[in-house]
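Just the heavy atoms: all of them, side chains too, but no hydrogens, waters or symmetry mates, feed the values below. Every chain is numbered from 1 and lettered A, B, ... according to where its sequence line falls, protein lines coming before strand lines.
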Amino acid sequence: MQRFDPAGIEAKWQAAWEAGQVFAARRDPAKPKYYVLEMFPYPSGRIHMGHVRNYTMGDVVARYKAAQGFSVLHPMGWDAFGMPAENAAMERGGHPRDWTYGNIADMRAQMKPLGLSIDWTREFATCDPEYYGQQQAMFIDMLEAGLVYRKNAVVNWDPVDMTVLANEQVIDGKGWRSGAEVERRELTQWFFRISDYSEELLEALDGLHNWPEKVRLMQRNWIGKSRGLQVAFSTVGAPDGFDRLEVYTTRPDTLMGASFAAISPDHPLARHLERHNPAVAEFVAECRRIGTSEEALEKAEKRGLDTGIRVRHPFDNAWELPVYIANFILMDYGTGAIFGCPAHDQRDLDFARKYDLPHPDVFVAVEGGQPVEAEAFVPPKTEPVRYIRGFAGDEVQTGEAAVDAAIAFCEANGVGQGVTNYRLRDWGISRQRYWGCPIPVVHCDTCGVVPEKKENLPIELPYDVSFDQPGNPLDRHPTWRACACPACGQPARRETDTMDTFVDSSWYYARFTSPHADTPTDPAEADYWMNVDQYIGGIEHAILHLLYSRFFARAMHRTGHLPAKAIEPFDALFTQGMVTHEIYYQDVSVAQVGNQAMPAGTTRRFYFFPEQVEQAQTGGFVEKGSNLPVQVIPAQKMSKSKKNVVDPVNIIRDFGADTARWFILSDSPPERDVEWTAAGAEAAFKHLTRVWRLASELAEGDAPAGPGDAALLKAMHRAIHEVTEAIDGFAFNKAIAKLYELTNTLSKADAGAEAKRQVMRTLAQLMTPMVPHLAEEIWAMLGGEGLVTQATWPKADPAMLVEDEVVLPIQINGKRRSEISVPRDMGTAEVEKLVLADDTVVRVLAGSAPKKLIVVPGRIVNVVI
RNA sequence: GUCCGUGUGGCGGAAUGGUAGACGCAUCGGCUUUAGGUGCCGACGCCGCAAGGCGUGUGGGUUCGAAUCCCAUCACGGACACCA
């Protein structure tokens, strides 16, 4: 007999699919459509197991929907702009464009052997001028629609490299290359008015029923709608023009517990003081060294500087509070100024302790008033508390009601007004980098900032740039900046900032519907294919990418590039877990590092790739060859620096794509992390080999009927039902478990060859979404018609799914002690009679009657004694 | 620090208010094979000779009944706006 030969089988069937153009998406008004999309990859150069997992899941859905009669769109492209290409150019020479397109070619070649049902004719990269030219056109439309504007914003500035740093490039407040202390610097930048859509983006979340609840919750918190009070404090001893300080608070009920006010280092008052007071200048400069990320600000030690300025409490002119500049106040949230209530806010309390400020209580717990000691008393907003310094005397209220009352009271007394505030900030898209989509505007001395004419698009990146010095090569280019003003025709200069790569990925899903149209989208195509019916990707994109895409779809609708139904572009979202692997290492003692002697006991850690180690007889792992033991760290996300990576190319070479697909789907639920293990991959291969062998044997057998035909067919219908249900519910691991069961049942069945062949063909159909090559091979072996890829999904016969007898477990006080077998539809009274006659029940009751007898028909019985 | 998740045998997991551990891996026993890191058959949560008891991170609660719902707590992971 022949051997199972995945390499031969896979090449053969991929060629057959290609020849039949089986995966070309066709607009067919007679059919329902289904658009499956996986988050497109960044072309780093190699595919990794995370890609294999993501695209295999999408492929299961795409193939399953096609079998159910949908006209399926399943495209692939490349998120191709970004910093790694520039870093590669700086480190190894070469050009970002060559590096990127080279990587795309490599990755496409690595991906194709997976046998994904992708329509490759729609492929594009975001760095194709054809793509980013349309993006520039939309930028101009958005500018004209008032969705784009310029304002000053802070960036991380590396004073040695003289370049802007991404947050990722700031490590412990220092530039990653230069090691210099990072400064904050203000630049004029381009922004999208996403905050205009705060309320709409928030409300529309309620309609996204097929998104994970956790993602909707994260977006809700990110948008951060809050109702609060904006209140003006009058100042004492402030410079001219600063006689009032506007403060925003979400807890106006604690206004009577104020003990200080604090402003952001970027607040106009701080800016003013900075110019006139060296102590303030020094402190503010120190604050700016923390960087721009919210995370860094929150984690930094809370510090403040007393400005000497005082503000009067709005309810008591004689009550003065000191004004601090504090490093933890964000200029972008509220008014950039707060009042501190240490008694009821932990951060304020820490601050008050540090600077020896009072902390008067406003409320106490209803039962047993608790004084503020080590911790601030912060009850949830819904818990009632007794106000001891409220606006209306002693009263018991929840925080929520007290906030409303406080706002009403302040408004009535002319002290401030209730305002709704959002945490969501406008989207800054300017990047001072080369490898991105040029922002299509022109700076003219006469006309100011003018959008480029659409007929001049795309504004293409120049190829002749150098990366031998830091900063944006577009700024240094000898000729690229020079252009004519689109308004007056006089000599003018191009904008040299490029767009955030998140812009590129905010509309690629729409472009896939008409990838080569000479407008951003083709209305007929977009109308047919949108929305994405199922979007699949990593949870790390839960907020930014998905929120930006939701905004961008609305902007595209407003500028006429998408139909109204597409303003929520992703009908269903699935967030997959990561692929992890154990880490192998040895700690080796070293006497010296470089030419420096190290103290005794100093060790260096060396990591090993999985293929460099093997399991020893003792159960531990050893390095191949040397047989020296290696230590093992439990599985973590695959990462090159820890060498816990497995190259999909090697797995496909050794076992075939079907094995890689089968294993990565089988071992964990899709939303959770999956650990790649060599043993698991081998087991998957063995199972597929077994299925193939079973099919080969059946292909040759004769066809007498057998006594077990009926039972086998019943098992088949049950499997059809269960596998279909599991795939619908994105439970691919369960679908595979059911396929194992059917395989086992089939191989042991006491049935005739004809029935077995029928079940094997159905098994092949059910396996098609996961292991399409093996399924085609079996289908062909057993005389299936055409390609199994194009066969209609099998249907379970409902009559075959019902069991006549059911086993009812009998619990005694909730613990299972016995069971009875009864006809499926037996009445409760009769079941009770049988239960009370059960040996175990009789013995335990010992003559007395049960306190209660609960019968859940068809499920369970509980006897309470 | 803030927001959001996850936690079940030796391991991945199944069961989402009703028999905890489906299915797979590992392990152990048996059979086949010239041989096998092959194939097939069987056992397999923990304690216990057994009867039986215990058991879903930890502590409490709701319920006839809790892995599942609620409260608290611990551990691990993701996001934090210029990584993609």
Side-chain angles (χ1 to χ4, degrees), chain A residues 39-42 44 79 81-84 153 155-156 164-170 189 194 212-215 217-222 224 292-300 302 328 332 346-347 423-433 500-502 504-505 538-545 547-548 575 577-578 580 619 634-637 663 666-669 671-675 677 679-680 682-684 686-687 689-690 693 731 733-734 736-741 744 747 807-819 850-854 856 859-865:
Chain A
M39 291 180 184
F40 66 164
Y42 177 79
S44 60
D79 188 13
F81 277 133
M83 290 197 301
V155 294
N156 297 306
V164 177
L165 296 178
N167 283 338
E168 186 192 51
Q169 300 171 315
V170 180
Q189 310 208 54
I194 187 172
E213 182 51 38
K214 64 176 170 185
V215 173
L217 191 56
M218 279 192 266
Q219 293 219 351
R220 226 169 258 140
N221 290 332
W222 188 260
T292 59
S293 85
E294 199 165 303
E295 183 191 4
L297 293 180
E298 289 282 352
K299 281 187 180 162
K302 307 294 178 285
F328 57 90
D332 291 312
Q346 189 59 46
R347 191 175 59 183
R423 207 183 74 98
L424 181 64
R425 311 199 290 257
D426 277 336
W427 174 12
I429 59 154
S430 292
R431 298 292 181 270
Q432 296 69 41
R433 295 180 209 295
D500 180 7
T501 56
F502 271 120
D504 313 335
S505 56
I539 183 68
E540 68 274 18
H541 296 292
I543 297 176
L544 291 179
H545 162 62
L547 192 61
Y548 289 152
T575 55
M578 298 178 302
T580 67
Q636 289 179 20
K637 179 175 182 164
F663 175 63
S666 69
D667 235 32
S668 289
E671 68 277 12
R672 262 203 245 170
D673 291 353
V674 62
E675 182 182 343
T677 62
E682 273 163 37
K686 275 185 202 170
H687 177 73
T689 305
R690 188 166 160 248
R693 198 183 327 112
N733 57 325
K734 281 190 257 174
I736 285 181
K738 298 300 175 190
L739 291 169
Y740 269 106
E741 278 181 21
N744 291 338
S747 74
V807 173
L808 282 189
I810 300 177
Q811 294 183 326
I812 294 174
N813 287 342
K815 286 262 173 201
R816 182 184 172 283
R817 299 293 293 272
S818 185
E819 63 183 32
K851 269 192 211 152
K852 213 171 181 180
L853 192 55
I854 291 154
V856 184
R859 302 220 60 164
I860 203 165
V861 179
N862 193 7
V863 184
V864 186
I865 57 171

Report the distance from atom [atom1] of [X] to atom [atom2] of [N], rounded to the nearest whole Å.
X       : N      : atom1 : atom2 : result
E741(A) : G13(B) : CD    : P     : 19 Å
N733(A) : G24(B) : CG    : P     : 14 Å
E819(A) : U19(B) : CD    : P     : 12 Å
Q219(A) : A81(B) : CD    : C1'   : 13 Å
I860(A) : U19(B) : CD1   : P     : 5 Å
L547(A) : A79(B) : CG    : P     : 16 Å
L544(A) : C83(B) : CG    : C1'   : 11 Å
L808(A) : G65(B) : CG    : C1'   : 15 Å

Next on the checklist: Nearest heavy atom decides the nucleotide; on that basis, is W427(A) or E675(A) closer to the 5' end of RNA chain B?
Outcome noted: E675(A)
Next on the checklist: Both V674(A) and K686(A) contact RNA chain B. Taking the nearest nucleotide for each, which residue is further toward the 5' end?
Outcome noted: V674(A)
Any N or O donor-acceptor pair under 3.5 Å from the base of [N] to the side chain of [X]?
X       : N      : result
N221(A) : C3(B)  : no
Q811(A) : G18(B) : yes
E294(A) : C80(B) : no

Next on the checklist: Need one value for R672(A): base, sugar-phosphate or nothing, where a base atom within 4.0 Å counts as base even if backbone is also close, heavy atoms only.
Outcome noted: sugar-phosphate
Next on the checklist: Classify S430(A) by what it touches in the nucleic acid, base, sugar-phosphate, or nothing, heavy-atom distance under 4.0 Å.
Outcome noted: base
Item to check | K852(A) and V863(A): CA distance, side-chain angles, deciding distance, side chain to side chain contact (heavy atoms under 4.5 Å, CB included) verdict | outcome: CA-CA 6 Å; K852(A) 213 171 181 180; V863(A) 184; over 6 Å; no
Name the closest nucleotide to the [X] side chain, picking from [options].
X       : options                : value
R423(A) : C4(B), A81(B), A79(B)  : A81(B)
K734(A) : G13(B), A15(B), A84(B) : A15(B)
K214(A) : U19(B), G12(B), C4(B)  : C4(B)
Y740(A) : C23(B), A14(B), C83(B) : C23(B)
F502(A) : A14(B), C23(B), A84(B) : A84(B)

Item to check | Syn-anti status, with the boundary at 90° from 0, for the nucleotide G9(B) | outcome: syn
Checklist entry - Taking the side chain from T580(A) and the backbone from V674(A), do they hold a donor-acceptor pair closer than 3.5 Å? => result yes
Item to check | Donor-acceptor under 3.5 Å (N733(A) side chain, D667(A) main chain) | outcome: no
Checklist outcome for this item: Paired to A43(B) by Watson-Crick or G-U wobble criteria (both distances under 3.5 Å) is U27(B)
Checklist entry - For C76(B), what is the paired nucleotide under Watson-Crick or G-U wobble rules, both distances under 3.5 Å? => result G5(B)
Checklist entry - Any idea how Y548(A) and F502(A) line up, ring-wise: parallel (<30°), tilted (30 to 60°), or perpendicular (>60°)? => result perpendicular
Item to check | Closest contact, heavy atoms only, L165(A) versus R433(A) | outcome: C-NH2, 4.2 Å
Checklist entry - Where do L547(A) and W222(A) come nearest, in terms of heavy atoms and distance? => result CD2-CD1, 3.5 Å
